[in-house]
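For reference, the structure is listed below as structure tokens.
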Number of protein chains: 2
Amino acid sequence: MPVQPATNIFEKHNHRRCLKGGMDEARALCQTQGLRLTPVRARVLEILLESHKALGAYDILAILDMDGMGRQPPVVYRALEFLVQSGLVHRLEKLNAFAACCHQGSAEGRGHEPMFLICTQCRQVAETSLKEVEGSIEKCAAALGFEVQSRVVELIGRCPACQGGAGL
Amino acid sequence: MPVQPATNIFEKHNHRRCLKGGMDEARALCQTQGLRLTPVRARVLEILLESHKALGAYDILAILDMDGMGRQPPVVYRALEFLVQSGLVHRLEKLNAFAACCHQGSAEGRGHEPMFLICTQCRQVAETSLKEVEGSIEKCAAALGFEVQSRVVELIGRCPACQGGAGL
DNA sequence: TCCATATTGTTATCTTATAACATATCACTT
DNA sequence: AAGTGATATGTTATAAGATAACAATATGGA
């Protein structure tokens, strides 16, 4: 699997590669980890990969319903739980929403804990490494004797494309 | 108003001072800003100041109800909105819950954007400055051309007191 | 084929949050 | 003191997000 630099999704990019690459990666991951990428799970991932936007569980469910793949909340929540646990999808706490992981094949692969940059206007979500921030975070935590298990870092603002127009 | 160092709430401390100091500060703030600390607002703040724990809106509402101060969700949500906007209370995105700001009189006063340390076991929430982390955060954002409007930084883990016992 | 396990279908319910509108209170002017 | 506009509260209803529980089915290995 070729290792490529992380895509800056705010720049013009070959989005087909995000979609295809994401699906290929998911299949490969499930293969090696003995996980099952069932039709519903694959479709949910695909829906999320189709844009870099954060989607709510019920938005996804509506699409599944149109596809005839289920209309009850547990259908989508179970698929999302699987995808989040495998690192293929991330949960955005600030939005109560989900976005596909777009770091396939990059140096910061799955299992990483990213920082998110969330555009309030277009809802696009970029993902970047927490590595550079992590040191100072751990230092603060250590100073208080706190044992860090996981981190939520989400920046709310405007992406380059949305900065021109009217403010939100 | 005396400026005192920020309290480490994970250490033994004079909690009465947190409560009294918090209320005094709130009254002073509202005085100078022309805001109204009405009975419901004051009571919600007091409920949150009584511990350093994160409480859900409906937890708070149940207490208000026992006090005979209202039983409908908008009562508590409106009070919380006011308190969050004035910087007296913070919202914890990861928990969909709220905690009183405990930086009264400290150098990093109100209006700051803190980092939160949330204990999964006892639900206590400590607050510390984002100052030291902010630089590296802004750098990442700038590299992507992203305009940051606000930040969510929440560390999930175990506070010193909860580290001894069984893991969660 | 049979079994244990993992997955999906379905119903019901729970938690969190807000819209909308009526009523009351406050703070200021006359 | 009465009027007035803005702010705050009371109340009903409902939206939005999430999960518990159990029945039915599919899957992969013995």
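Because only heavy atoms are used, hydrogens play no part in the values below, and waters and symmetry mates are left out as well, while side chains stay in. Lettering follows sequence order; numbering is per chain, from 1.
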Could you list the residues that satisfy side chain to side chain donor-acceptor pair (under 3.5 Å) with A/E46, not counting sequence neighbours?
A/R43

Starting at the 5' end of nucleotides 12-17 of chain D, put B wherever the base has a protein heavy atom under 4.0 Å, S where only the sugar-phosphate does, and a dash everywhere else.
B----B

Atom-pair distance ([atom1] on [X]; [atom2] on [N]), nearest Å:
{"X": "A/Q33", "N": "C/dA6", "atom1": "CD", "atom2": "P", "answer": "16 Å"}
{"X": "B/L61", "N": "C/dT16", "atom1": "CG", "atom2": "C1'", "answer": "12 Å"}
{"X": "B/E93", "N": "C/dT16", "atom1": "CD", "atom2": "P", "answer": "14 Å"}
{"X": "A/E81", "N": "D/dT19", "atom1": "CD", "atom2": "P", "answer": "8 Å"}
{"X": "B/Q85", "N": "D/dA8", "atom1": "CD", "atom2": "P", "answer": "10 Å"}
{"X": "A/L37", "N": "C/dA6", "atom1": "CG", "atom2": "P", "answer": "17 Å"}
{"X": "B/L83", "N": "D/dA8", "atom1": "CG", "atom2": "P", "answer": "12 Å"}

Taking the side chain as every heavy atom from C-beta outward, state whether B/F82 and B/L37 have any atom pair closer than 4.5 Å.
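Side-chain contact under 4.5 Å: yes.
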
State, yes or no, whether a side-chain contact exists between A/V76 and A/L64 at a heavy-atom distance under 4.5 Å.
yes

Given C/dT18, is OP1 or OP2 found less than 4.0 Å from the side-chain N or O atoms of B/R78?
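No.
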
I want to check one thing: is the phosphate of D/dA8, taken as OP1 and OP2, less than 4.0 Å away from some side-chain N or O of B/R41?
yes

Report the nucleotide, chosen from C/dC26, D/dT9, C/dT8, that has the shortest atom-to-atom distance to any side-chain atom of A/V40.
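Of the options given, the side chain of A/V40 lies nearest C/dT8.
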
Counting only side-chain heavy atoms from C-beta out, which of C/dC26, D/dG10, C/dT7 sits nearest to B/V75?
D/dG10

For DNA chain C, the residues among residues 62-71 of chain A that have a non-hydrogen atom under 4.0 Å from it
none

For the hydrophobic clusters of this structure (ILVMFWY residues joined by side-chain heavy atoms under 4.5 Å, transitively), does one cluster hold both A/L48 and A/F116?
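Each belongs to a different hydrophobic cluster.
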
Ring pair (Phe, Tyr, Trp, His ring centres under 6.0 Å) pairs, two or more places apart, involving residues 49-80 of chain B
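Counting only pairs at least two positions apart or across chains, the ring pair (Phe, Tyr, Trp, His ring centres under 6.0 Å) contacts touching residues 49-80 of chain B are B/H13-B/H52, B/H15-B/H52.
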
Is there a donor-acceptor pair under 3.5 Å between the side chain of A/R41 and the backbone N or O of A/R36?
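Checking the backbone N and O of A/R36 against the side chain of A/R41, a donor-acceptor pair under 3.5 Å is found.
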
So, does B/R123 use its side chain to make a donor-acceptor pair with the main chain of B/A54 at under 3.5 Å?
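Yes: the side chain of B/R123 pairs with the backbone of B/A54.
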
Would you mind listing the cluster partners of A/V152? Hydrophobic ones only (ILVMFWY), side-chain contacts under 4.5 Å, chaining allowed.
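Other cluster members: B/V152.
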
Under 3.5 Å, sequence neighbours excluded: what are the donor-acceptor pairs made by side chains of residues 93-100 of chain B?
from, atom 1, to, atom 2, distance (Å)
B/E93, OE1, B/R91, NH1, 2.8
B/E93, OE2, A/K94, NZ, 3.3
B/K94, NZ, A/E93, OE2, 3.3

